[in-house]
Structure formats: structure tokens, C-alpha cells
*Asks:* 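The structure under discussion is supplied below as C-alpha cells; questions concerning it will follow.
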2 protein chains.
Amino acid sequence: MTTRATELLRVIHARPGVTRADAARLIGVGTGATTELVGRLGHAELLAEAPAAPSGSRGRPTTALIPHPRGPLIAATSITHEQWRVDVVELGGAALATIREDLGDRTGDEVVAAVGAAVARLRTEYGDRIRGIGIAVPGTVSRDLMLDASNLNWRNVDLAAIWPKAGIFVAGNDATLAASAESHRGAAVGASVALHLRVEAGLGGAVVDGGRVLVGALGAAGEFGHMPFGDPTVECPCGAYGCWGTAVDGSALARLLGHHQPRDPISYARRVIASTDPAPAAATATAATALGRGIAGLVNGLDPDLVTLGGLGTDLLAAAPAHINQAYRAGLMGFRRENPPPILPSTLGDDGPLAGAAEEAWTALLTTLV
Amino acid sequence: MTTRATELLRVIHARPGVTRADAARLIGVGTGATTELVGRLGHAELLAEAPAAPSGSRGRPTTALIPHPRGPLIAATSITHEQWRVDVVELGGAALATIREDLGDRTGDEVVAAVGAAVARLRTEYGDRIRGIGIAVPGTVSRDLMLDASNLNWRNVDLAAIWPKAGIFVAGNDATLAASAESHRGAAVGASVALHLRVEAGLGGAVVDGGRVLVGALGAAGEFGHMPFGDPTVECPCGAYGCWGTAVDGSALARLLGHHQPRDPISYARRVIASTDPAPAAATATAATALGRGIAGLVNGLDPDLVTLGGLGTDLLAAAPAHINQAYRAGLMGFRRENPPPILPSTLGDDGPLAGAAEEAWTALLTTLV
DNA sequence: CTTCTTAAGCTCGGATGTGGAGCATATTCT
DNA sequence: AGAATATGCTCCACATCCGAGCTTAAGAAG
């Protein structure tokens, strides 16, 4: 049951710096109920009031609703192929602290231990204010919090070690979480249905419907890279043939250019896409065409308002927009061609997964605060 | 804001014949609040109580909560390529009356007029108890309720003429609505995420997530038949190439068999699929393989608990289960192969779209009843 | 500098819905 | 017939919320 108190906290979280009067109007309560609500939530150390920027117009000035200085916090974590990072995030999405470190040659369990130590350090500083954690990882997370990241050669890494305490624990795929971030704080704000796609080693993403990320029955939705939009003769590491991911990522570029599979396919792909030599440009164009064609298929099936591209997708969109768009339009159903959903670059870039981890953990936490 | 009253009505709708005590436990209220709730909703003529079947165990017997004999009703309508039908449906999904008629050679506007007349007749019988209408059509419905059904050669047929009054008005694609019905009353009951696919002339369907049908930004989601899983050299009537729908429906079978495109592709396909001659059986196997391969792609991307097949999909599943399943398994990501989501025939069959129209209209109505 | 206008916040009373304790009721079991 | 069990009802307390009327804090007008 959604109470007014939860609604108010959600509004403050979604629109940091909202004024008290605006927030009351947004949730549709009168001034009397607002007095009671703000007083109660302030007393519970969930929010505080600060002088608002002067509006310049007549009337009694209102205040800005801000996170309480002793209010709850979320630890947001991301692990990428290069580094790990932990942020302490308050209501509204602002970060109070950051710890980060390169992965180096560490194993998965060593990285989890390092992240756990960082979280423990932050807990000595912030104490029980940290009510939960959100973790973005470049792989799949099972129900029992075991991480598999084929890209990093990690198998069965136990994420539970990061956060032994009770509270909120959200862990998910980086592309899925980036989709959430893009919908709440990025290029897809306001979309009723948004599709976010993230190309790194392979391709992932998510559909966000009315602010809710569709995570699927096992939490494994969004593996759009394994839809058979690609070349049916190419075998994917997943075991299937024709996976779309194998047609758009670094491995695809290497195959098109006759190179060995690169050790770091993401940096490799960035170099290829940035190159203006004819051979790399042609490979980039081919990958961009495959990307556009697949996006069209997903748009036909899922009917989003817009599509956002993250990771290497952003690079491809910048380097070969014409190839993406031509293949996109050609693949759309007739009635969509007149006014196709726009394909936009992600605005959060590499911070997307971390921001999404914070977002999903905060969403979960908000339902538990009264 | 979801009130207890709405929750109770939803429980009664979802589980017709539920006992009062069970319903109270399901929504988590005590016996005191239950007395107040049932009294209030009974007084509002939304529900009534009937003697429940004896439980056989000790304790004071409870009653069954049933729709009120003067309670609200929904008119559920479906238009197929063969006939139209209007049911009057009460809370819980039971039909009180049915009117149906073959389409014959009527135009779209004539059919809409006939359906409108049937609804008007039912309104003289049931009066203002009929609070709204749900309509399932074999085509796409725009925001302003204009229907395009290329299969029937209907363009810009105005559905608003069926229901001139205020109230609930829900209109949608038959495959999308069948997905809703399958999730609420059919083979996908209890699934957290269900994918329903319906092959008729082309292929459509929907994802149902936690009981909510994902309708997309324009209400056009579920056009999975226009994802490019098919032969890239085949042009689809939609203007794109390689659409999956062109690889699995009656037009695909005719192409494989070297036949002209049939006038009624659904009856044609039923005949081909039912045939045991070698050529039709081979064509059926090819279509079944294309169906299984595409299902695998969708399962990889959308992560449903299970997949239900309606329309000709049911026939294909009965005629060539091995071909569907082999292609399905081959296309799944490795980690899914051990325990793949089952592919099940629809249990509602041809009644799916009508049942879904009733379901969606009732869902909409329930949010408006206090 | 005073008064007017405007927007916002506060106080209070009443309506509503909910939760729990204790009692009443209807059935099966012994 | 009495015990055991499950359910329903009455009553009271509490939290929430809405609206009316009043108060407060700013800019605008003179």
C-alpha cells in the first residue's frame, strides 16, 4: 500500500531540490496534510528543510526538501572490466563518498573481498545510516548471489560476502542497471517505455516500463545480445548461433578485420571505431548496420518511446550514425517509419551501471521506509 | 492508492468462489476490518455472500464471496476473421449472456454497427450495470480507436461507434489480449513473467509481467512477428525484410509448398498442418523450426517463466513438437538449456482474445470502483 | 514606510479506514 | 453434551487525511 509518506519520499528522490509546496502539489495533498507529513518524516530523520532559492514572485516563500543529514544511505557498487567502485548515495542520488581501485590481476574473490573491506570502512564512517547495497556487475547474478562474468573469467563468485548484514541487497547486470539509471536520471527520463542497449563485450540492456525495470523471471532479462539477429554461421560463446551480440561488439570487429580475438575487446573496439582508415571504418559500418537492424526488430516487438545506447553503442552512434539509422528505418514496420522512436546516446556514460545500482537499491529501500 | 476494498474485489475476480476467510487472509486484514469491508461492498452492490461448500473440518463455516446479482458488468467483444461475439461478463469472469454472428461479406463499418446494435440490445436487458467494454480485434487499434485490420482488408474502422457512452473502453489486438487471458485464466496462471505467442495471419503476442500486459508506448507492443528472425530475402507486407511472421504462418507454408497465397490463410494453414503427406509435413516442420528458433531468441531476451502458444501455434506444437523443441533448445543460451521455460499450448484456445478483452476491461473497471 | 496582494504554512475539527481485544457463533470431534 | 476449532461481530483506539479559517512572509503599489 502506497502511503503519502512513501510518495513524498519518492518525489524527493526523483527530483532532488523540489520545494515543499511543489512536492505537496505533485502528490496531491493539502497544506494541512503537508505540515503533518513533513513534520513526521523530519522527526523520523528521513528529510529536512532548507531555504529554497527565492522564486522572485509574490507570496510566502517555501522551503526545499532535502535528505536529512542523519538520514538513510545506500552503498552503490559497480565492478567493470577495469576497476571497482563504491559510492555512498543519499536520498536524491547525490554521492557523499567514493572509493575506487583498479582491478589489476585480482581474482573475483579477491575483488569481492576488497569491495567488502571498502564497504566495511564506509560503515565505520556512516554507521547504520547505510541501509543497503546495490551492486552492478559485468555478468549474470543468480538468485543466491553467485556471480558469473565470462568476460573476466570469473565463475561462482559469492557476492554475499560484500554485505553480510540484513537490509537491502540488490545485485544485477551492469547493462540492466544502466537502463534503470538512464530512465531515472539520464536520456530516457519521462519515457513511458524506454529501451536501453549497452554494447561492451557482447550486448545487453533492459526495457524500463513506467519506471520499473523488467528483470524477467530469473532476473536474466535483457540479454538481447542473444537474440538471433546476427549471422547464423557465427557461433556465440553462449553455444547458440547467430547471436546479435557477435555482430556488433569488439569480437565482431576483429572477425571482420581478420584480427585475432583481442584480450581487451572493449579498448580494442574503441580504437577501431575511432579509426578513420578505410578497413576499420568499413568494419565499423557493418557493425553499425547490424546494430540498427536489430534495434528495429526490438522496437517493432517492444514498442518503446525511445532507445538509448550505452557503452560502445555510444561510440558506434557517434562514428556511423547514418549506417545505424538507415538499417533502423529499413527494419521498422511501415507505420513506424514516419515517426520512429529516437535512438539517443546515453547521457550517463560509464557511470550508468553505478547510478542504476544506487537507483534500484533506493527504490527497494523506499518501499520499506514508512 | 490501492485500498483494501479494491484489493478484495481483485481477489474475488481472480479467484471466483473464494471464501470470505481466505480472501481476508490473502489481503492481510483481520476479521474486524473484514466485517466492515464486506458490509460496505455488499451495500454498494459490488459483492454478495453465498453458503460455501462445507470444508469438512472443524470450526465455524465461512461463506463464499460472489458477484452481486445487481453488480457491475463488462461487455466483452471479439472480432475474428470469421465471426464477431459479445459476452456480458460479471466479476470473476463468468459470462451471463452471449451474442454472436458470422461476419459473412460485411464491411468493417457494418460489423461495427452490428456489434453496436448487439451491445445496445444487451444494455436494454442489463441497463447501467454494464459499465464498460473490452474489444479484441485482429489488427491494430490507434489511440483514437480507429482499427486497421489488413487481414480483413479493413482500414480506419471507427470502434468508438460500438460504445458511445462514458465508462471503461478498452480495445486491443487479439494476440495481446489473449496473452492477458492466458496469464489470468489459462496456462500461464501463476507465472511471474509469461510470454504468449499467437500465430494466425502473421504472429503477435505479449509479455505479461506480474499480471500486467506490457502494451508499449503506443499500445503496439507484442508485434514479435516483425522481429527479423526470418529469411532476410522475404519481404513482409509491413515493408521490412526477414520478419519472423513470414516464416511461420500460412503464407510461409504456401511459399514453401509453391502454392499461391491462400485467401483464408488460417484455414489453409490448419489443413496443411493437419496433413500427413510428405510435402506438407516438411513445410510444417520448416515452419515449426523457425518458430522454435525465434522463441529461443525471445526467451533469451525476455526471460519468461514459460511460453504459451495460441492460434496456429497450438497446431504446430501438436503436429511438430520435436522440430519446435530442437530449434528452441539449440537457440537458447547455454545456462538455460538445463531447465528451459516450457512451451505450452494455450488452454483457452480461440476464446483467448474474448477472455482477454473481458480481463483487461475488468482490470480497468476495478481501479475505478471504490 | 505603510498597505495590499499573493502564496504558503499552521491549527483544529471531523471523517474514514484500519488493527486488536474480547466476546459470540457455528461447525466437527470425542 | 462438552471440548476444540475457526470464523464473525462489536467496540475502542489510533493514524491519516481533508477542509475551513487563520497566520505568516514575501513582493508590489502608493
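Values below: all heavy atoms of this structure, side chains included; hydrogens, waters and symmetry mates excluded. Note on naming: letters A, B, ... go to the chains in the order of the sequence lines (proteins, then strands), and numbering restarts at 1 for each one.
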*Asks:* Whole angstrom is fine here: how far is it from CZ in Arg20(B) over to P in dA6(D)?
*Replies:*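 Checked: the CZ to P distance equals 17 Å.
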*Asks:* Could you tell me how far apart Ile27(B) (CD1) and dG17(C) (P) are, to the nearest whole angstrom?
*Replies:* 14 Å
*Asks:* Counting side-chain heavy atoms from C-beta on, which of dC17(D), dG19(C), dC29(C) comes nearest to Ala33(B)?
*Replies:* dG19(C)
*Asks:* Indicate whether the side chain of Ser180(A) and that of Ser183(A) have a donor and an acceptor atom separated by less than 3.5 Å.
*Replies:* no
*Asks:* How many Å lie between CG on Leu65(A) and C1' on dA8(C), as a whole number?
*Replies:* 13 Å
*Asks:* Thr62(B) side chain N/O closer than 4.0 Å to the phosphate oxygens (OP1, OP2) of dG8(D)?
*Replies:* yes
*Asks:* If you compare every side-chain N and O of Arg4(B) against the phosphate oxygens of dG19(C) (OP1, OP2), does one of them come in below 4.0 Å?
*Replies:* yes
*Asks:* Just call it for Ser57(A): base, sugar-phosphate, or nothing, with non-hydrogen atoms closer than 4.0 Å on any strand.
*Replies:*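 Sugar-phosphate only.
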*Asks:* Could you state the atom-to-atom distance from CG of Leu8(A) to P of dC17(D) in whole Å?
*Replies:*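 Value for this atom pair: 10 Å.
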*Asks:* Ignoring hydrogens and angles, state whether a donor on the side chain of Glu359(A) or His13(A) is under 3.5 Å from an acceptor on the partner side chain.
*Replies:* yes
*Asks:* Report yes if a side-chain nitrogen or oxygen of Arg60(A) is closer than 4.0 Å to either non-bridging phosphate oxygen (OP1 or OP2) of dT6(C); otherwise report no.
*Replies:*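 It does not, given that no N or O in the side chain of Arg60(A) lies less than 4.0 Å from OP1 or OP2 of dT6(C).
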*Asks:* Calculate the interatomic distance between Asp22(B) atom CG and dA6(D) atom C1'; express it in whole Å.
*Replies:*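 Taking CG of Asp22(B) and C1' of dA6(D), I get 12 Å after rounding.
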*Asks:* Between Arg25(A) and Gly59(B), which residue's closest nucleotide on DNA chain C lies nearer the 5′ terminus?
*Replies:*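 This one resolves to Arg25(A).
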*Asks:* Mapping Gly32(A) and Arg58(A) to their closest nucleotides on DNA chain D, which lands nearer the 5' end?
*Replies:*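 That would be Gly32(A).
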*Asks:* In this structure, which one of Arg129(A), Arg40(A), Arg70(A) forms a salt bridge (Lys or Arg N to Asp or Glu O under 4.0 Å) with Glu45(A)?
*Replies:*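 Testing Glu45(A) for a salt bridge (Lys or Arg N to Asp or Glu O under 4.0 Å) against Arg129(A), Arg40(A), Arg70(A) leaves exactly one candidate, Arg70(A).
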*Asks:* OP1 or OP2 of dG17(C) less than 4.0 angstrom from a side-chain nitrogen or oxygen of Arg40(B), does that happen here?
*Replies:*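 Answer yes for this pair, as a side-chain N or O of Arg40(B) is under 4.0 Å from OP1 or OP2.
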*Asks:* Within the 3.5 Å criterion, strictly below it, is a donor on Thr6(B) or Thr3(B) matched to an acceptor on the partner's side chain?
*Replies:* yes
*Asks:* Can you find a heavy atom in the side chain of His184(B) that is under 4.5 Å from one in the side chain of Val189(B)?
*Replies:*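 No - every pair of side-chain heavy atoms lies 4.5 Å or more apart.
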*Asks:* Within the pair Thr31(B) and dG8(D), is there a side-chain N or O less than 4.0 Å away from OP1 or OP2?
*Replies:* no
*Asks:* Could you state the CG-P distance from Leu37(A) to dT16(D), rounded to the nearest angstrom?
*Replies:* 9 Å
*Asks:* Can you measure Glu7(B) atom CD to dG17(C) atom C1' for me and round it to whole angstrom units?
*Replies:* 13 Å
*Asks:* In this structure, how many angstroms lie between the C1' atom of dA15(D) and the NE2 atom of His43(A), rounded?
*Replies:*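 Spelled out: NE2 on His43(A) to C1' on dA15(D) is 15 Å.
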